[in-house]
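Labels below follow one simple rule: chain letters A, B, ... track the order of the sequence lines, proteins then strands, and each chain is numbered from 1.
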Amino acid sequence: MSITTRFAPSPTGYLHIGGARTALFSWLLAKNKGGHFLLRVEDTDRERSTTEATDAIIEAMAWLDLAAEGTAVFQSQRFDLYNSYIDKLLASGHAYWCGCTPDEVEAMREKARAEGKKPKYDGRCRDLGQGPGAGRVVRFKGPQDGVTAFHDMVKGPTAVQNAEMDDMILRRSDGSPTYNLAVVVDDHEMGVTHVLRGDDHVANTPRQILLYQAFGWSVPEFGHVPMILGPDKAKLSKRHGALSVMEYKNMGYLPEALVNYLARLGWSHGDQEIFSREELVQLFGTGNLGNSPSVFDIKKLEWLNAHYIKEAAPERLAALLPDFIAAAGATDGLKLDPAYLASIVPLLQPRAKTLVEMADMARLFLVDAASLAYDEKAVTDQLKPESRALLTDLLPIYEAPADYADHKALEAATQAFLDERGLKFKAVAQPLRVALTGKTASPGLFETMCVLGKAESLARIKRALAL
RNA sequence: GUCCCCAUCGUCUAGCCUGGUCCAGGACGACGGCCUUUCACGCCGUUAACAGGGGUUCAAAUCCCCUUGGGGACGCCA
């Protein structure tokens with residue numbers, strides 16, 4: 001039997017790390033079973049929901065390659081549907097009209113709290129048999145004793161005393177449906193068989209099960225994933241840094257790195273750390289989900305990102321790079337030809353942890369000799385008279401080849417020159433590096449020369465000698 | 001306050017269900033070394049945990065109880 005899962009964010013902000021992980025797990029669960037993954041936008045709160053947020057969430061899911069099937073369901077467009085189901089509950093005696101004002105209900109809660117009890121609505125309108133009216137809401141007539149139990153896919157057997165739950169509101173006084181009602185109606189209508197969601201929804205699950213039972217519908221499987229914490233072990237929030245998935249994109253993380261990281265945060269498969277998308281789909285199961293909260297560790301994400309940067313095709317990275325180069329500064333006069341960028345990338349892949357870093361390192365390749373920035377200290381330390389003399393003598397060696405296609409040949413020629421003079425490689429390495437790159441740290445000398453090309457390399461050495 | 005959940009290295013986790021193979025394994029980080037033309041990469045090594053206390057048992061990280069600590073939920077938000 002095929003399964004159906006869904007991701008149901010409320011569009012009140014961007015897709016954050018926690019939501020992305022929930023979406024990923026739901027997507028993975030569906031794909032692992034060859035099932036369906038749907039998207040539902042929970043925008044019943046018209047005050048806080050925005051279309052910008054909806055678009056941003058869909059964009060982020062697309063970036064992570066977690067696209068849902070078909071078109072998204074918007075709860076704001078289904079109020080008639082929800083109301084028709086509320087009417088059914090009213091008709092079957094599972095719901096009733098309540099005229100208590102918010103203030104009155106708050107007073108009941110205060111009273112319960114004062115008595116050391118759980119704050120809840122006291123059910124005084126339950127059996128009044130009231131009809132609709134201004135300011136009235138519809139409440140669920142839940143069982144007042146007994147237990148509602150279910151088997152959580154991640155937490156195992158779970159049970160809640162029905163007395164713990166008060167009669168939740170199904171329909172607000174303005175006629176709009178509330179979360180629990182809408183979720184149950186939609187999950188049923190959409191054919192959702194497996195609900196994987198954040199831990200903060202555990203308390204809603206028994207309420208929703210009660211609704212399924214009142215409707216006479218079959219209850220889906222539920223699973224609650226523990227939350228993601230910040231380094232201080234408090235719920236991950238903005239003060240811990242970036243929360244939005246797209247901020248990670250802007251910080252130069254690759255989507256597969258974020259996906260791999262998120263997958264391993266709360267889920268495991270033995271000792272394996274690196275997972276391709278295919279492996280994730282094949283191996284994922286709720287049985288391997290942990291049941292304690294996990295701390296978000298940017299260092300490990302960085303490590304995974306460095307790994308995926310090393311593995312990525314240079315052309316792909318080269319295509320991504322211009323945006324990061326532009327974000328770092330003016331691009332006037334920079335050499336941004338795709339093929340040229342793709343030739344630089346392999347030198348940077350083992351060195352960059354993010355695309356932001358890569359863009360920064362790439363900069364010295366993008367300018368011409370005349371506008372290359374030379375680090376002052378590097379010049380005074382490395383371009384001393386004897387080094388300059390050496391570089392001057394080396395010039396003819398580098399003039400010789402028709403073009404720079406083979407970095408090994410350049411290296412061999414350099415080595416031969418040094419052997420002849422009885423010098424060590426170290427004698428030229430740093431001076432040459434500073435002459436070519438303006439810095440004391442760079443990719444390999446001869447690889448760099450090959451990427452820069454003969455004319456540019458020579459121009460740089462000459463300019464350095466004239467400094 | 002009431003109810004619920006959680007608890008292995010600094011962090012992510014394996015092991016726990018089906019006690020012995022665990023003086024607890026892997027990974028990130030940190031530290032040290034090797035490699036080396038710099039910086040990285042890579043490789044090698046070191047560091048570091050069963051929250052505490054009681055049981056049960058020949059034997060407990062694994063089962064039970066209590067304590068402590070952490071988290072969550074209690075809305076005409078989702």
Can you tell me if the side-chain N/O atoms of A:Arg109 get under 4.0 Å from OP1 or OP2 in B:G75? yes

Could you state the CZ-C1' distance from A:Phe7 to B:A78, rounded to the nearest angstrom? 12 Å

Can the ring centres of A:Tyr253 and A:Tyr308 be said to be less than 6.0 Å apart? no

P gap between B:C6 and B:A51, integer Å: 14 Å

If pairing means Watson-Crick or G-U wobble with both distances under 3.5 Å, then the partner of B:U62 is none

When we call it a touch if two heavy atoms are under 4.0 Å apart, what does A:Cys98 touch: a base, just sugar-phosphate, or nothing? nothing

If you look at every strand shown and take non-hydrogen atoms under 4.0 Å, does A:Asn204 touch a base, only sugar-phosphate, or nothing? base

ring-ring contact (aromatic ring centres under 6.0 Å, His included) partners of residues 97-118 of chain A, not counting sequence neighbours, each pair once: none

Extract from the structure each pairing of a protein N or O with an N or O of nucleotides 40-47 of chain B at less than 3.5 Å, listing the distance.
from	atom 1	to	atom 2	distance (Å)
B:A40	O2'	A:Pro350	O	2.7

Ignoring hydrogens and geometry beyond distance, is the side chain of A:Lys118 in donor-acceptor contact with the base of B:C74 at under 3.5 Å? no

For the student: nearest non-hydrogen atoms of A:Arg171 and A:Asn83, plus distance: NE-ND2, 3.0 Å

Salt bridge (Lys or Arg N to Asp or Glu O under 4.0 Å) test vs A:Glu164 passes for just one of A:Lys118, A:Arg207, A:Lys117, namely A:Lys118

Across all strands, who's sitting opposite B:A73 as a Watson-Crick or G-U wobble pair, both distances under 3.5 Å? B:U2

Under 3.5 Å, which donor-acceptor pairs link side chains of residues 357-364 of chain A to any protein atom two or more places apart or in another chain?
from	atom 1	to	atom 2	distance (Å)
A:Glu357	OE1	A:Lys353	N	3.0
A:Arg363	NH2	A:Ala330	O	2.7

Would you jot down, in residue-number order, the residues of residues 264-277 of chain A having a non-hydrogen atom under 4.0 Å from RNA chain B? A:Arg264, A:Leu265, A:Gly266, A:Ser268, A:Asp271, A:Glu273

Quick one, which residues of residues 412-421 of chain A touch RNA chain B with a heavy atom under 4.0 Å? none

Acceptor/donor pairs from residues 409-417 of chain A side chains to any protein atom, 3.5 angstrom cut, sequence neighbours excluded:
from	atom 1	to	atom 2	distance (Å)
A:Thr414	OG1	A:Tyr398	OH	2.7
A:Thr414	OG1	A:Leu410	O	2.8
A:Gln415	NE2	A:Asp419	OD1	3.1

Per salt bridge (Lys or Arg N to Asp or Glu O under 4.0 Å), A:Asp199 is matched among A:Lys155, A:Arg21, A:Lys235 by A:Lys155

Might you point out which heavy atoms bring A:Val183 and A:Arg197 nearest each other, and give the distance in Å? CG1-NH2, 4.0 Å

Centres of the A:Phe7 and A:Trp27 rings: under 6.0 Å? no

Under a 3.5 Å limit for both distances, which nucleotide forms a Watson-Crick or G-U wobble pair with B:A48, could you say? none

Please check if the distance between the ring centroids of A:Tyr179 and A:His201 is under 6.0 Å. yes

If we take the C1' atom in both B:G19 and B:U57, what is their distance in whole Å? 9 Å

Determine the contact category for A:Lys235: base if any of its heavy atoms lies under 4.0 Å from a base atom, sugar-phosphate if only primed atoms, P, OP1 or OP2 are that close, otherwise nothing. sugar-phosphate

Below 4.0 Å: OP1/OP2 of B:C3 and any side-chain N or O of A:Arg113: no

